[in-house]
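Heads up: the structure comes next, in structure tokens.
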Amino acid sequence: MMCGAPSATQPATAETQEIVDAVKAQLEEKENQTYSVFKAVSFKSQVVAGTNYFIKVDTGDENFLHLRVFQSLPHENKPLVLAAYQTNKSRHDELAYF
């Protein structure tokens, strides 16, 4: 992977699901709602001074969100941060930098 360039879109993994589970409460607080379905579908990653994850999340009823989650470098020992998100996405909307 080239530093700074996002990876190709890949199917979500168990690790991707752990990332979205870790930031779910941050999103629910910002959106003032709870999600009974919150399943990672696909993702891209971008190596910066840490890693940005761009993740497509299925929230049920054919509704999707795009999340940008920042994971700091391991030695910094910081929690995952929901850096940005986009609502009103569909299954076919492409994951892109935002």
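Please read these numbers as outputs of a predicted model, since none were measured by experiment. All values below were derived from every heavy atom in this structure, side-chain atoms included, with hydrogens, water molecules and symmetry-related copies excluded.
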Are the side chains of [Y] and [X] in contact, using a 4.5 Å heavy-atom criterion?
X   : Y   : value
I19 : I55 : yes
V81 : V69 : no
L95 : S42 : yes

**Report entry** Summary of ring-ring contact (aromatic ring centres under 6.0 Å, His included) pairs that have at least one residue in residues 17-44, sequence neighbours excluded
**Finding:**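 Found Y35-F38.
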Query raised in the report: Tell me, which pairs form a ring-ring contact (aromatic ring centres under 6.0 Å, His included) where one or both residues lie in residues 46-96, sequence neighbours left out?
Result: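 Of all non-adjacent pairs touching residues 46-96, those that pass ring-ring contact (aromatic ring centres under 6.0 Å, His included) are F54-Y97, F54-F98.
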How many angstroms lie between atom [atom1] of [X] and atom [atom2] of [Y], to the nearest 0.5 angstrom?
X   : Y   : atom1 : atom2 : value
Q26 : L82 : CD    : CG    : 5.5 Å
N63 : K89 : CG    : NZ    : 13.0 Å
E15 : S45 : CD    : OG    : 9.5 Å

Nearest heavy-atom pair of [X] and [Y]: which atoms, and what distance?
X   : Y   : answer
S72 : K78 : OG-CB, 3.4 Å
T59 : L65 : CG2-CD1, 3.6 Å
L80 : A22 : CD1-CB, 3.6 Å
A40 : V20 : CB-CG2, 4.1 Å

Query raised in the report: Quick one: salt bridge (Lys or Arg N to Asp or Glu O under 4.0 Å) pairs with a partner in residues 27-42, sequence neighbours left out?
Result: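 For residues 27-42: K24-E28.
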Query - salt bridge (Lys or Arg N to Asp or Glu O under 4.0 Å): pairs with one or both residues in residues 57-75, sequence neighbours excluded - result: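 Listed by first then second residue: E62-R91.
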Query raised in the report: Would one find more than 12 heavy atoms of other residues, nucleotides or ligands at under 6.0 Å from atom CD of E76?
Result: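 Atom CD in E76 is packed in, count exceeds 12.
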Report task. Please list, chain by chain and in numerical order, all residues satisfying side-chain hydrogen bond (donor to acceptor under 3.5 Å, both in side chains) with D21, sequence neighbours excluded. Result ->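 Result, side-chain hydrogen bond (donor to acceptor under 3.5 Å, both in side chains) vs D21: Q17.
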Query raised in the report: Taking only residues two or more places apart in sequence or in another chain, which ones pass side-chain hydrogen bond (donor to acceptor under 3.5 Å, both in side chains) with T16?
Result: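 T16: side-chain hydrogen bond (donor to acceptor under 3.5 Å, both in side chains) contacts with T13.
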Report task. For E94, check side-chain contact (heavy atoms from CB on, under 4.5 Å) against everything at least two apart and list the hits. Result ->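 Expected list: K44.
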